[in-house]
Amino acid sequence: MSRRAVVIGAGLAGMLAAAVLSDAGVDEVIVLDRDELPDRPGHRRGLPQGRHAHLLMAGGIAAMEELVPGVRKRLLAAGAHEIPLNSGMLALTSEGWLRRFKREGPVMLTCSRALVDWVVRTAVLEQTRVEIRRAAAVGLTGTAQRVTGVRTGAPGEEGDLEADLVVDASGRGTRVVSWLDALGITGIRERTVDSGLVNATRIFRTPDGAERFPLTIVHADPFARRPGRSGMVMPIEDGRWMVSCGGTRGGEPPADPEGFLRYTLDLPDPVVGRLISGAEPLTDVHLSRSTSNVRRYLEKSARWPERFVVLGDALGTFNPVYGQGMSVAAFGAQVLGRELARGGPAAPGLARRVLRGAAKPVETAWSMAVGQDVLYPGVRGGRPTAADRLVTAYTRRMMRAATGSYAAASALWDVTSMRTPPTRMFHPSAVLAALMGSPLPPSAEPPLTPGERELLRSLDRTGLPGV
């Protein structure tokens, strides 16, 4: 018997889910999206954070490669950069500069979010029989016991698209709670934690000679009891730098070019501002306030309809500064693939099992993001608990050790790159590293090579001393 699956949303989570469904032998996989999708990398309305920095962590890369073989090579061929965390990054943390080690560490890919979506979408369409239709999903059909399809179209022009399985991957703007309510499933618990973060991003042409300059991050300090302020220079495709600043409530970056530069120079270290002070801007400054952490505890609902799966940001969204969303979407699609392999799309209880499995990486990412966001002044939706403060104290100690200890830095990289769960921080070797601390004194300056220092000096147009 022919089977049809409908996926709501043609973003990263939706296309990964579509690839999984097609590989599982579903005869017809239809992806719905309200946007007109570009035929080349380009921003679209349905991705509010699309203009800002996205990091594809090692754990997410591995998951995506399993789901869409060859996608890593495609991204690199299209201009993405491979950044080793141990040596290819300058990072100022709340506890000081992380040193750069020659020993092996995880890598991440950097490029525009538009490029990630376009490469994945192109690969899925080439490798499968997935079909994308431009249509707005406005509801579900079926009952509280079983979803039978998707209602599409504008008010008064609705049409029903029948399906044997429906996947909501519609992202941060999902209406899943109201859709479930219309089926008679109520009482879904939701929580929002909002630090008030505003992202400001501007694209620059990479200066001549700076093509291999390390990715540079000045992290916000959540322990200083003042608004968090951060900045980053990230290499992306086509010889460009994406420069993103972020400020929590009371420390928001401005949208005017002069104010943007001043903001970067006023960070705890002015290195970001020095790098871009003479660079050629290619865009205006783009702001986004769509940054809150939102958790929908769908997996805890007492009732759940058969044949309806929720993945990606529709299940939980995180402050994008932590770089978790794309990897979590890939992990959720992996769960879907494993459950489909067990019994196919019509297997009883599949939707509930996928939901509970996908919720695990969502909860991990949520805990990491919220555990830091609740420390900023003016945060809405949460306060640090006693457990949060205990974890914070240990994390700070680990971070302090990581400024000069490879063992401590390695534990942090493994967790932040999403290769391992946060329990990695409590492995005996990591605990010992945290207790022993850094064997090296803290560095007052970025750990630059002589050549990088000379390049920074040549790029700097600020006239500030101390380069």
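The shown structure was predicted, so the numbers you read here are calculated from the model rather than taken from an experiment.
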Asp460 versus Thr462, side-chain donor and acceptor atoms under 3.5 Å: yes
Verify the distance criterion only: is there a donor paired with an acceptor across the side chains of Thr201 and Ser244 at less than 3.5 Å? yes
Can you check whether Trp179 reaches Asp168 side chain to side chain, under 4.5 Å on heavy atoms? yes
Examine the side chains of Ser230 and His219 and answer whether a donor and an acceptor come within less than 3.5 Å of each other. no
Sequence neighbours excluded, which residues qualify as side chain to side chain donor-acceptor pair (under 3.5 Å) partners of Thr186? none
Cut-off 3.5 Å, side chains only: do Asp388 and Thr385 have a donor facing an acceptor? yes
Side-chain donor-acceptor contact under 3.5 Å, Asn319 with Asn293: no
Report, as yes or no, whether the 6.0 Å neighbourhood of atom CD on Glu211 holds more than 12 heavy atoms from other residues, nucleotides or ligands. yes
With a 4.0 Å cut-off on N to O distance, would you call Arg113 and Asp117 a salt bridge? yes
Tell me, please, which residues at least two apart from Thr416 pass side-chain contact (heavy atoms from CB on, under 4.5 Å). Leu85
I want to check a possible cation-pi pair here: Arg295 against Tyr297, using under 6.0 Å from ring centre and within 45° of the ring axis as the test. yes
Row check, Tyr263 ring normal vs Arg229 NZ/CZ: under 6.0 Å, within 45°: yes
Closer than 4.0 angstrom, basic N to acidic O: yes or no for Arg100 and Glu452? yes
Please list, chain by chain and in numerical order, all residues satisfying side-chain contact (heavy atoms from CB on, under 4.5 Å) with Gln372, sequence neighbours excluded. Pro222, Tyr322, Tyr376
